[in-house]
**Q** 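Below: one structure in structure tokens.
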2 protein chains.
Amino acid sequence: MSKRTVPADRCDCEVIHEDVVNSVRAKMPKEETLYDLAELFKVFGDSTRIRILWALDEAEMCVCDIAYLLNMTQSAISHQLRVLKQAKLVRNRKEGKVVYYSLDDEHVKMIFDQGLVHINEE
Amino acid sequence: MSKRTVPADRCDCEVIHEDVVNSVRAKMPKEETLYDLAELFKVFGDSTRIRILWALDEAEMCVCDIAYLLNMTQSAISHQLRVLKQAKLVRNRKEGKVVYYSLDDEHVKMIFDQGLVHINEE
DNA sequence: ATTACATATGAATGATTGTTCATATGTTTA
DNA sequence: TAAACATATGAACAATCATTCATATGTAAT
């Protein structure tokens with residue numbers, strides 16, 4: 001129906017449904033928003049970070065606690081905590097030598113839960 | 001208070017709060033669950049895939065439509081659609097030469113929304 | 001049958017990234 | 001002040017991954 005051949009800019013094929021494409025394009029969010037969204041999910045896309053977040057959802061912990069819990073080196077944990085902090089997913093407070101980390105966003109659990117809904121679906 | 005020195009398995013530090021760690025450990029989900037969760041979010045962690053999913057949430061589209069919309073090659077889109085299909089996030093139907101893709105999970109939008117809530121938070 | 005076209009796919013490549021190792025920083029205690 | 005320790009960080013390395021390129025597959029039209 002809506003067939004129409006267009007010199008494709010970059011895609012190496014003809015457009016089939018240009019009306020649909022235009023309608024979708026009009027409704028798409030800003031490029032930047034989608035980029036930020038991908039960046040956020042990228043942070044969730046690592047099992048070490050997921051485990052850290054899940055642990056911190058249970059209790060505030062220091063770096064060493066987390067390393068021990070996950071059986072990983074302090075350095076590896078520290079690097080990942082930095083990523084989580086930059087993403088504003090965790091915060092920390094210092095008490096002497098010890099640095100305690102905790103969740104900085106109560107939505108983390110909700111994002112997890114939505115993910116679990118998908119996983120547990122057949 | 002709960003200080004206790006333990007020969008750390010793999011972490012190169014002493015455990016500070018073993019009671020907390022044990023309590024958290026008892027509440028952690030299965031390793032596999034968290035791994036699957038990370039795998040799912042990894043799929044969301046790419047702006048091309050995010051854009052495809054967002055577009056498909058608006059309308060069913062064929063591969064060429066999507067390539068044109070996102071100004072990318074048909075091949076790149078096809079590769080990413082395969083990833084999305086494996087993650088059971090999209091499904092497809094064939095009509096002659098043309099393959100139409102659509103969302104396979106109505107929770108995708110909810111996961112997006114949760115992510116956006118975090119992003120739009122200061 | 002042959003051509004045209006939509007889509008899929010394997011190999012190659014460049015970029016990104018998680019972990020390790022070595023070491024630096026900062027705080028506490030002796 | 002010096003030693004001990006928690007944490008942070010930079011460089012290096014291996015692994016993963018998104019895209020490209022070339023080409024294969026399958027369908028429709030001539």
Side-chain angles (χ1 to χ4, degrees), chain A residues 3-8 10-17 21 35 38-39 41-52 60-87 90-101, chain B residues 3-8 10-17 21 35 38-39 41-52 60-87 90-101:
Chain A
K3 189 166 182 85
R4 161 94 199 279
T5 293
V6 166
R10 186 138 191 308
C11 87
D12 42 9
C13 53
E14 324 290 315
V15 177
I16 311 287
H17 312 87
V21 172
Y35 184 81
E39 286 303 301
F41 287 125
K42 205 171 286 181
V43 176
F44 286 95
D46 175 79
S47 63
T48 297
R49 288 191 293 265
I50 286 276
R51 289 185 300 161
I52 293 176
E60 177 190 66
M61 296 174 94
C62 70
V63 178
C64 180
D65 288 341
I66 302 171
Y68 181 69
L69 171 69
L70 303 184
N71 197 33
M72 294 180 66
T73 64
Q74 170 271 320
S75 178
I77 298 300
S78 188
H79 277 296
Q80 297 299 2
L81 284 169
R82 192 158 66 93
V83 174
L84 292 170
K85 182 121 186 274
Q86 281 170 346
V90 305
R91 63 167 156 256
N92 57 13
R93 76 184 168 84
K94 205 164 181 180
E95 203 171 281
K97 288 183 290 191
V98 182
V99 179
Y100 293 93
Y101 282 83
Chain B
K3 188 162 181 88
R4 160 98 198 278
T5 294
V6 167
R10 185 136 191 307
C11 86
D12 42 10
C13 53
E14 326 289 317
V15 177
I16 310 287
H17 313 87
V21 172
Y35 184 80
E39 285 303 301
F41 286 126
K42 205 172 286 182
V43 176
F44 286 95
D46 175 81
S47 64
T48 298
R49 287 192 294 264
I50 285 277
R51 289 185 300 161
I52 293 176
E60 178 189 66
M61 297 173 93
C62 71
V63 178
C64 179
D65 288 341
I66 302 171
Y68 180 69
L69 171 69
L70 303 184
N71 197 34
M72 294 181 66
T73 63
Q74 170 271 321
S75 179
I77 298 300
S78 188
H79 278 295
Q80 296 299 1
L81 284 169
R82 192 158 65 94
V83 174
L84 293 170
K85 182 122 186 273
Q86 281 169 347
V90 305
R91 64 168 155 253
N92 57 14
R93 77 184 167 83
K94 205 165 182 180
E95 202 170 280
K97 287 182 290 190
V98 182
V99 179
Y100 294 93
Y101 282 83

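All figures in this text were calculated on a predicted structure; none of them were measured in a lab. Heavy-atom basis, side chains included; hydrogens, waters and symmetry copies ignored. Protein chains get the first letters and strands the later ones, always in sequence-line order, with residue 1 at the start of each.
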**Q** Specify the separation, in whole Å, of atom CG of A:Asn92 and atom P of D:dT9.
**A** 10 Å
**Q** If you assign each of A:Glu95 and A:Thr48 to its closest nucleotide in DNA chain C, which residue comes earlier from the 5' end?
**A** A:Thr48
**Q** With the six-membered base ring of D:dT19 as reference, does the ring of B:His79 sit under 5.5 Å away with planes under 30° apart?
**A** no
**Q** Would you state whether a donor and an acceptor, one from the side chain of B:Glu14 and one from the base of D:dA6, lie under 3.5 Å apart?
**A** no
**Q** To the nearest Å, how far apart are A:Ile77 CD1 and D:dA6 P?
**A** 15 Å
**Q** The side chain of B:Ala76 is closest to which nucleotide in this list: C:dT28, D:dT19, C:dT9?
**A** D:dT19
**Q** Nearest to the side chain of B:Tyr101, heavy atoms from C-beta on, is which of C:dA6, D:dT9, C:dA8?
**A** C:dA8
**Q** Check this for me: does the side-chain of A:Ser75 come within 3.5 Å of the base of D:dT9 through a donor and an acceptor?
**A** yes
**Q** Rounded to whole Å, how long is the line connecting atom OH of B:Tyr35 with atom P of D:dT16?
**A** 9 Å
**Q** I need the CG-P distance between A:Asp65 and D:dC5, as an integer number of Å.
**A** 17 Å
**Q** Have a look at B:Lys85 and say if it touches a base, only the backbone sugar-phosphate, or nothing, with a 4.0 Å heavy-atom cut-off.
**A** nothing
**Q** In whole angstroms, how far is the P atom of C:dG18 from the CD atom of A:Gln86?
**A** 12 Å
**Q** Taking the side chain of B:Asp46 as its heavy atoms from C-beta onward, which of C:dG26, D:dA18, C:dT9 lies nearest to it?
**A** D:dA18
**Q** Taking the side chain from A:Asp65 and the backbone from B:His17, do they hold a donor-acceptor pair closer than 3.5 Å?
**A** yes
**Q** For the pair made of NZ in A:Lys97 and P in C:dT29, what is the distance, rounded to whole Å?
**A** 7 Å
**Q** Check whether any side-chain N or O of B:Arg51 sits under 3.5 Å from a backbone N or O of B:Ile66 as a donor-acceptor pair, and report yes or no.
**A** no
**Q** Which whole-number value in Å describes the distance from B:Lys42 NZ to D:dA15 P?
**A** 15 Å
**Q** Can you measure from CG (B:Leu69) to CD1 (B:Ile52) and round to the nearest 0.5 angstrom?
**A** 9.5 Å
**Q** Among the nucleotides C:dA8, C:dT28, C:dG18, which one has an atom lying closest to any side-chain atom of A:Gln80?
**A** C:dG18
**Q** Between D:dA8, C:dG26, C:dC5, which nucleotide gets closest to the side-chain atoms of A:Lys94?
**A** C:dG26
**Q** So B:Ser75 and B:His79, do their side chains get closer than 4.5 Å, heavy atoms only?
**A** yes
**Q** From the list C:dG18, D:dA6, C:dA6, which nucleotide is the closest neighbour of the side chain of A:Val98?
**A** D:dA6
**Q** What is the separation between atom CE on A:Met61 and atom C1' on D:dA6, rounded to the nearest whole Å?
**A** 15 Å
**Q** Would you mind reporting whether A:Gln80 and A:Met72 have side-chain heavy atoms less than 4.5 Å apart?
**A** no
**Q** Rounded to the nearest 0.5 Å, what separation is found between the SG atom of A:Cys64 and the CD atom of A:Gln74?
**A** 8.0 Å
**Q** Can a side chain N or O of A:Arg82 be found less than 4.0 Å away from OP1 or OP2 on D:dT7?
**A** no
**Q** I want to check one thing: is the phosphate of D:dA8, taken as OP1 and OP2, less than 4.0 Å away from some side-chain N or O of A:Gln74?
**A** no
**Q** Examine C:dT20: is either OP1 or OP2 under 4.0 Å from a nitrogen or oxygen in the side chain of A:Thr73? Give yes or no.
**A** yes
